[in-house]
Undergrad: 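Handing you a structure now.
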Amino acid sequence: MQFGILFFLLMSGTILLGYLINGIFLERYYVSVRTRNLVRVYGMLMNAEKRDLLDSDEFDNTLQESLRRSNVSLLILDSNTKTDKVWSADETVMIERLYANLFGRTPDLTGVDDPGQLKNIPDPSDAGNDGKNGYSDDYSINSGYVITRNLQEGRSYTINEVLNRRTGTKSLEMWGPLGESRFFLLRSPLEDIRTSAAAANRFFGYIGFSLAVAGAFLAWWLSREIMKPIRQLTDISVRMKKLDFSAKYDGSGRAELDILGKNMNEMSKKLELTISALRTANNDLQRDLDRRNREEEMRQDFLANVTHELKTPLALIRGYAEGLQDGIADDPDSRSYYLDTIVEEADKMNMLVQKVLMLNQLEFGDESVSMESFDIAGLIRNYLESASILVQQENARLLYQQKDAVFAWGDPFLIQEVFQNYFSNALHHVARPVSAAGSEDQGEVFSKDSDADEKVIDIRCEVIGDKVRVTVFNTGKPIPEKSLAHIWEKFYKVDKARTRAYGGSGVGLSIVKAIMDLHHRGYGVENYDNGVAFWFELDHSG
């Protein structure tokens with residue numbers, strides 16, 4: 001819009017300036033052109049006179065063509081006042097005007113611009129005029145002419161602007177000697193230049209107004225066409241400022257704005273690629289920093305937890321060893337008890353170190369997963385056969401009814417570690433169901449194939465869709481709700497006293513989490529009224 005208004009004002013100002021210049025300088029320019037025409041014809045005459053070609057037919061033809069084009073009348077008189085050459089429609093007027101100029105018979109009123117003042121000059125032809133005002137009755141035809149302006153005057157010629165008061169017309173007259181024996185008069189009529197200028201200005205005004213209207217429409221159209229790509233480029237730049245590089249310039253021309261739009265598209269593309277690369281590098285750097293911070297936190301937690309877990313067995317080993325050293329245990333039974341305690345605590349320390357090392361390898365990706373199809377039901381069956389004596393020591397009943405092979409995808413060694421941790425956890429926490437104490441109305445239970453007063457470990461291997469789910473359930477006290485979200489954390493213990501009693505380290509379920517994360521498969525825990533069930537899933541291999 002601003003462009004259109006500016007364009008309209010500029011065009012209107014140009015038209016107005018042209019109108020003013022036309023009114024001020026048109027008349028002067030018109031007189032100047034007429035004067036130059038007279039001087040040019042005079043130059044031709046003088047050149048022909050010097051070369052003695054003034055009377056030649058060839059020069060006459062050239063002279064007449066020049067006079068016709070310049071609208072100039074010519075009179076040449078010889079020394080005997082005979083007409084030598086004449087080119088005019090009124091020879092008499094030309095002769096009288098030459099005589100009036102030669103003998104100074106034309107009043108000189110140079111500087112009088114008001115035609116009203118010129119009308120007040122007495123006319124010699126009027127009755128009662130005796131010539132006292134400087135006019136002569138001779139050459140009475142010239143009594144109506146006055147000199148209004150002297151344009152040029154030299155030794156060879158004089159150029160005057162004269163006014164015929166009777167007709168109100170002006171003309172330019174150039175006269176003087178031509179050689180040694182001739183005189184000339186060149187006369188060029190001046191139309192009413194003021195009237196002509198006024199008409200020209202009116203015409204120019206009409207044309208200017210029409211051009212202004214057309215220019216206003218053109219300015220509106222141009223501003224719309226020019227501003228359309230500019231607005232589009234502005235919108236693109238605003239979106240680029242907000243790091244939105246999806247907007248593209250859709251112009252296809254070869255104008256400067258189209259070239260600018262194409263360059264902005266290239267710049268947008270390169271900026272998007274550069275910023276994308278920077279963001280990727282920044283994300284990688286941030287991930288590395290997060291990993292380093294996480295590793296540092298894990299290292300500190302590891303050192304703190306391992307130190308804490310090792311303090312108790314080391315203190316026991318040191319205490320019992322000092323007792324033996326001081327001779328507290330004199331009899332063989334006492335010494336055997338002390339030595340058995342030392343060995344047991346050393347085994348706990350060894351087991352803790354092994355589990356921590358395994359967890360460290362799993363979490364830092366040092367442990368590779370060898371995926372293969374294996375019989376997970378057979379793996380569980382073989383393990384339970386070797387651990388049956390442990391179940392008997394706990395006076396628990398073991399339930400496992402899967403006799404057919406069930407194949408799944410996974411790392412058999414790592415999956416056995418998962419099952420072993422679940423089974424060990426169930427073996428250490430198995431107890432009579434909490435709801436068995438005189439209550440016949442139980443809620444949701446997992447294993448119903450057991451008496452209310454017995455400890456049960458129920459293991460199931462089931463194919464559910466394309467998954468194989470292994471569940472290890474033990475009767476006993478459910479896990480508190482506030483602890484469910486933390487049991488997978490390293491060294492976390494729900495019941496620290498009980499865990500310490502059977503030698504638990506709080507690392508087993510963390511190992512389960514790390515192994516299942518490597519397999520990218522699900523795992524979890526669920527509370528029931530009669531106990532707790534831990535589970536994990538693998539892909540079924542058919």
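Atom set for the values below is all heavy atoms of this structure, side chains included, hydrogens, waters and symmetry mates excluded. For clarity, every value in this text was computed on a predicted model and none was experimentally measured.
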Undergrad: Knowing that exactly one of L399, L398, N530 qualifies, which makes a side-chain contact (heavy atoms from CB on, under 4.5 Å) with V456?
TA: L399
Undergrad: What's the separation between atom CG in D539 and atom NE2 in H520, rounded to the nearest 0.5 Å?
TA: 11.5 Å
Undergrad: Do R40 and S70 pair up side chain to side chain, a donor and an acceptor below 3.5 Å, judged on atom types alone?
TA: yes
Undergrad: Any Lys/Arg nitrogen of D517 or K513 sitting under 4.0 Å from an Asp/Glu carboxylate oxygen of the other?
TA: yes
Undergrad: Aromatic rings F534 and W488: how do their planes relate, parallel, tilted or perpendicular, breaks at 30° and 60°?
TA: perpendicular
Undergrad: So, R460 and D458, do they make that salt bridge, N to O below 4.0 Å?
TA: yes
Undergrad: Any salt bridge linking R287 with D290? Criterion: basic side-chain nitrogen under 4.0 Å from a carboxylate oxygen.
TA: no
Undergrad: Among residues two or more places apart or on two chains, list those pairs meeting salt bridge (Lys or Arg N to Asp or Glu O under 4.0 Å) that have a residue in residues 372-391.
TA: none
Undergrad: Which atoms form the tightest heavy-atom contact between N421 and G508, and what is the distance?
TA: OD1-CA, 3.1 Å
Undergrad: Aromatic contact between Y528 and F446, with the criterion being ring centroids under 6.0 Å apart: yes or no?
TA: yes
Undergrad: Please check if any side-chain donor atom of S32 sits under 3.5 Å from a side-chain acceptor atom of R28, or the reverse.
TA: no
Undergrad: Is any NZ, NE, NH1 or NH2 atom of the basic residue among E537 and R469 found under 4.0 Å from an Asp or Glu carboxylate oxygen of the other?
TA: yes
